[in-house]
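One structure below.
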Amino acid sequence: MASYRGCYTVRADAANPDLALFEEYARQAGSGQPPEQVVRSLRRGLSLWNGPALSDASSAYVEAACWPRTWG
């Protein structure tokens with residue numbers, strides 16, 4: 001993970017095939033396909049997700065951002 005112009009980016013390479021697959025499914029979903037195909041591509045991408053977001057990251061910022069909230 002790296003910071004660039006106030007945003008965070010994830011750098012990945014061939015060692016992270018799930019990210020490459022997710023990006024491919026996201027590209028497919030945004031390529032003007034019929035709605036059924038868009039939903040299928042997005043579901044495939046989301047199915048690659050495992051566990052809570054940023055579960056292996058630690059910093060005061062990440063911990064504050066991930067702290068459970070109750071919405072009223």
Side-chain angles (χ1 to χ4, degrees):
M1 186 176 283
S3 177
Y4 178 73
R5 295 185 180 184
C7 298
Y8 288 96
T9 60
V10 175
R11 295 184 185 178
D13 54 24
N16 192 345
D18 284 353
L19 180 59
L21 278 172
F22 177 83
E23 289 175 340
E24 175 60 20
Y25 292 140
R27 186 195 62 73
Q28 289 174 8
S31 65
Q33 298 293 321
E36 299 83 15
Q37 181 62 36
V38 170
V39 169
R40 193 176 0 242
S41 293
L42 292 174
R43 285 187 175 153
R44 285 180 179 158
L46 290 174
S47 73
L48 299 169
W49 190 275
N50 293 311
L54 302 173
S55 62
D56 58 350
S58 64
S59 75
Y61 178 80
V62 170
E63 290 171 16
C66 293
W67 190 261
R69 296 182 174 96
T70 302
W71 301 94

Revision key, fill the gap. Shortest non-hydrogen pair, Val38 vs Ala29, comes out as CG2-O, 3.4 Å
Review point. Once you round to the nearest 0.5 Å, how far does OG of Ser41 lie from CZ of Phe22?
Key: 11.0 Å
Revision key, fill the gap. Output for pair (Gln33 CD, Arg40 CZ), nearest 0.5 Å, gives 9.5 Å
Revision key, fill the gap. Result for side-chain contact (heavy atoms from CB on, under 4.5 Å) between Tyr25 and one of Leu42, Leu48, Leu46 points to Leu48
